[in-house]
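Scroll down for the structure; my scribbles are underneath it.
Throughout, protein chains are lettered first and strands after them, A, B, ... in sequence-line order, and every chain is numbered starting at 1.
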Amino acid sequence: MTKDFGADLVGPRSAFKFHRTQPTERISGSAGDVLEDDPVGRLKVFVYELPSKYNKKILQKDPRCLTHMFAAEIYMHRFLLSSPVRTLNPEEADWFYTPVYTTCDLTPNGLPLPFKSPRMMRSAIQLISSNWPYWNRTEGADHFFIEEKAIDRGILPLLQRATLVQTFGQRNHVCLKDGSVIIPPYAPPQKMQAHLIPPSTPRSIFVYFRGLFYDVGNDPEGGYYARGARASVWENFKDNPLFDISTEHPTTYYEDMQRAVFCLCPLGWAPWSPRLVEAVIFGCIPVIIADDIVLPFADAIPWEDIGVFVAEKDVPKLDTILTSIPINEILRKQRLLANPSMKQAMLFPQPAQSRDAFHQILNGLARKLPHDKNVYLNPGEKILNWTAGPVGDLKPW
Amino acid sequence: MKQLTALQQQGRRSNSFRNASSPLDATVDGAIKSPATIFWLILHGLCCLISLVLGFRFSRLVFFLLFSTSSSPSATNIYSALQTTLPSSGAASPPERNVSAAAGGSRVVVGRHGILIRPWPHPDPAEVMKAHGIIERVQTEQRSQYGVKNPRTVIAITPTYVRTFQTPHLTGVMHSLMNVPYDLIWIVVEAGGATNETSSLIAKSGLKNIHIGFGGKMPFLWEDRHKLESRMRLHALRIVREKRLDGIVMFADDSNMHSLELFDEIQNVKWVGAVSVGILVGGSEETELTIVQTDDIGKDEKKSQVPVQGPACNSSNHLVGWHTFNTLPFVERSARYIGDRAFVLPRKLEWAGFVLNSRLVWEDTEDKPVWVKEWEEVGRDDEDVESPLSLVKDTSVVEPLGSCGRKVLLWWLRVEARADSKFPARWIIDPPLEITVPAKRTPWPDAPPELPSSAEKVIIMPENTEKRPTKSGSRKKRSSRSKRKRSAKVLDEHVSARHTGDN
């Protein structure tokens, strides 16, 4: 990876004013320098016209869906409707998109409930398979869905052949499908932009974290939440002056992250969290404590070089680990984080900008092209079992 | 999702509890109460009571001890159980495993995990030091990227002379300059010739310095002192010219206080810059300090008191005038001579508020701007050069720094001891002082030794000192105003006079 001093990666009218005077490094993932690829011209997406009960009406019922972590499905739909990759001719489409807002079912506290989404999805698939021939042509192998959160019982059997664009990334978990495109959780770009502080502010906090250590409501004794890792962080480092950790909700949360060298991103009930996105935007090196996590756009972004990975069993040694990282490594990670294309790839800005997360999703889908010849089934051939799954899922929605 | 898993886990927990108590239920259903059932009932009740008291599931601990498995979660649980009294101890009865069999078993086990705590969960000092080193390095990197791009050398000019207050004043300036993150050359001009006293003091700084003497002794009157200081500064500029020192010249008077932002700000100067100087003239009831706009000569607009000297800008950040003091009303009350108890007033615009590009005083540079006077004209015939503005023909070219004079970056102060006050050379007490007041329990000597009384006023306890022990030495007499002069702590090399009540 060559050092590109003052690399002026052209980002037109970037709503995010990144400070370009800092020397940055090019980001090369295992797929190469793909963060800057432009998906336009590399793939064509056809968007199914579903009745509004699958999308618009749900959003009208609960507008909070636009700001929670899984809001990407809504913004992706809007992005695709006006994107140049969209085609109105399904015959030439490479990928088919079904706009179903399955995560928009929130509790009064704002947490998503997973109960109705299998039935909703199933009903949508029945609709598209009966009104258009493209589902049956491949049994969904060239369709993709934004399936944000985990359904504990596993992926809907009907989606076995489809590609999922998911926030959930945990290896060897029932909810992670092979070949899924993992995306970052949604974090509001305007809010983060509003809290930027001058980059010359010296970073004086060594390790920063704000959040729960014990989930008192659901797991009062500890040991289940975060597999005990967060509680371990608290017990080991609560009186360590290098670790600025607490459960408070300060109003200066974003500003504090910009004054910190390391930001902890431990797992909670799920392995990922918006903290990763926030850490990347604010230039704080993410310390990821989640075994088996799969990070977003893992083939485009070399997370090993950018963040620090700590095994959950090594949490008591966290201070030793962090202080023994050579200083050149740390400076290199900060240079990589300062790269504007890195930050841009984590965001879902409105309106969409080049190289943002929407484009990275399309890049990811484009990298899976062309489809293998044998996804096209012979007429009459059936692979999916339409009656699989719990009985409750088979009820119409 | 959180709630779903929570619900499931609660379900599982209640299941296991029910399982544990099901043998009980089965037997209770039967009408016969065998001794076994009674025993189980009592044991169950006992366990419940213990759980209530301890606050956690006692049954789990029992099961763990009885049926300990060798799976890794329980191994870690032993670790935490030994270390902490938190209710997190005790491995579960069968830890629920939700391994997805499809993927061939993962390393991660869903279920109850122990909370790993190391034996000494406190910071290790070596690591704390390393972390601070890392932070230091990161900040240096930040500074080099977002701070000043091509930092120029700072040339600080300090006129000084040996007197009681020299050490505290000069130490303050020295420490400020030592913290400047740029290259620095310190030119110390000493009135009355360079002395070892001063050079030993400034040698402690480790800074690159040029120590020169100039002229005769520092005069007694403030008026004359100001003039001599100006000449000393010009002499330093002569040095800059002769040696062709390259950088930014700033005037660090030895009693002033400088903020570190000042040094960052002056890097922006092109030729001549001005900053706002806070004027500390000691609290007095009547210090009504007014701003006078000297644009229109003769027109005084008295506005609210702001003790600042510096450039004044209009809304488009162009220099339009200067804030100064109108010191005329205070002149009668101000100090005349060094050591006077009254406050010392500054001149119209102090040297300290200006910075120069050192090339202005070089000879034979092509790109000197046209508005700078020739060096030979300045200070000719010993005329008093009041401020560096005399170096330029047209004062409108001065660049206002510190967001156009809105930020006060340094403070001007003049505090001196009485001119005849004495202090031990280099503040080292040698030979040791005579004890004027012995320690509490020492018996008072019968006959006090004859001591020559010096001309100094030394205030000592007149009474029997057994009752009121104080430190040996004289007591300082504080004036009522903190910023005013204090009478120097007089420590004679000889012996201090003593009055006792006996004589």
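When all heavy atoms are compared, the tightest approach of B:V277 to B:G353 is CG2-CA, 3.4 Å. Across B:Q142 and A:T201, no two heavy atoms sit closer than the pair NE2-O, 2.8 Å.
Using a 4.0 Å cut-off between charged nitrogen and carboxylate oxygen, A:D244 and A:R259 do not count as a salt-bridge pair.
Distance check, rounded to the nearest 0.5 Å: CD1 of B:I115 to OH of A:Y225 gives 12.5 Å.
Heavy-atom distances place the side chain of B:Q139, and not its backbone, under 4.5 Å from chain A. With a 4.5 angstrom heavy-atom cutoff, A:F237 touches chain B only via side-chain atoms.
Interface remark: of the candidates A:T320, A:I330, A:V315, A:V233, A:T320 forms the most heavy-atom pairs closer than 4.5 Å to chain B.
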